[in-house]
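Contents: one structure, followed by commentary.
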Amino acid sequence: MGKSYDGINDTLATWIRQQKMFFVATAPLAADGLVNCSPKGMDTFRILGSREVAYLDLTGSGIETIAHV
């Protein structure tokens with residue numbers, strides 16, 4: 001079962017930094033569009049604050065994530 005957190009504490013931040021891969025899911029505004037869930041990695045994820053993160057999106061085949069943004 002998932003857990004809810006008010007923010008990213010030190011313990012959670014340590015765990016997050018140890019992960020080699022994460023996933024980003026996006027969807028277009030159009031009702032007939034497709035949801036995209038793609039793996040990310042290569043040390044591109046950063047914790048900016050207790051409620052803020054960022055990642056560098058390396059575009060590749062399809063670039064569906066960028067198309068939805």
Side-chain angles (χ1 to χ4, degrees):
M1 187 55 71
K3 292 183 180 181
S4 295
Y5 296 90
D6 290 328
I8 300 171
N9 60 32
D10 291 339
T11 302
L12 189 55
T14 299
W15 181 83
I16 291 169
R17 288 185 188 106
Q18 293 173 348
Q19 304 313 301
K20 303 294 182 204
M21 181 188 300
F22 60 98
F23 291 84
V24 173
T26 59
L29 292 176
D32 62 344
L34 299 174
V35 173
N36 178 59
C37 182
S38 58
K40 308 292 181 185
M42 296 175 41
D43 193 34
T44 61
F45 191 84
R46 295 291 181 271
I47 299 169
L48 304 178
S50 67
R51 292 177 170 237
E52 189 175 22
V53 298
Y55 78 95
L56 175 62
D57 194 14
L58 304 172
T59 58
S61 61
I63 61 171
E64 204 58 32
T65 303
I66 294 296
H68 293 163
V69 177

message: Does anything in residues 24-50 form a ring pair (Phe, Tyr, Trp, His ring centres under 6.0 Å)? List the pairs, not counting sequence neighbours.
response: Phe22-Phe45
field: Contact list for residues 46-56, test salt bridge (Lys or Arg N to Asp or Glu O under 4.0 Å), sequence neighbours left out
entry: Asp43-Arg46
Apart from Leu48 itself, residues in the same hydrophobic cluster as defined by side-chain heavy atoms under 4.5 Å: none
Taking every non-hydrogen atom, the tightest pair across Gly33 and Pro28: CA-CG, 3.5 Å
Do any side-chain atoms of residues 4-19 form donor-acceptor pairs under 3.5 angstrom with protein atoms, and if so which ones, sequence neighbours left out?
residue: Asn9; atom: OD1; partner: Thr11; partner atom: N; Å: 3.2
residue: Asn9; atom: OD1; partner: Leu12; partner atom: N; Å: 2.7
residue: Thr14; atom: OG1; partner: Asp10; partner atom: O; Å: 3.0
residue: Gln19; atom: NE2; partner: Trp15; partner atom: O; Å: 2.7

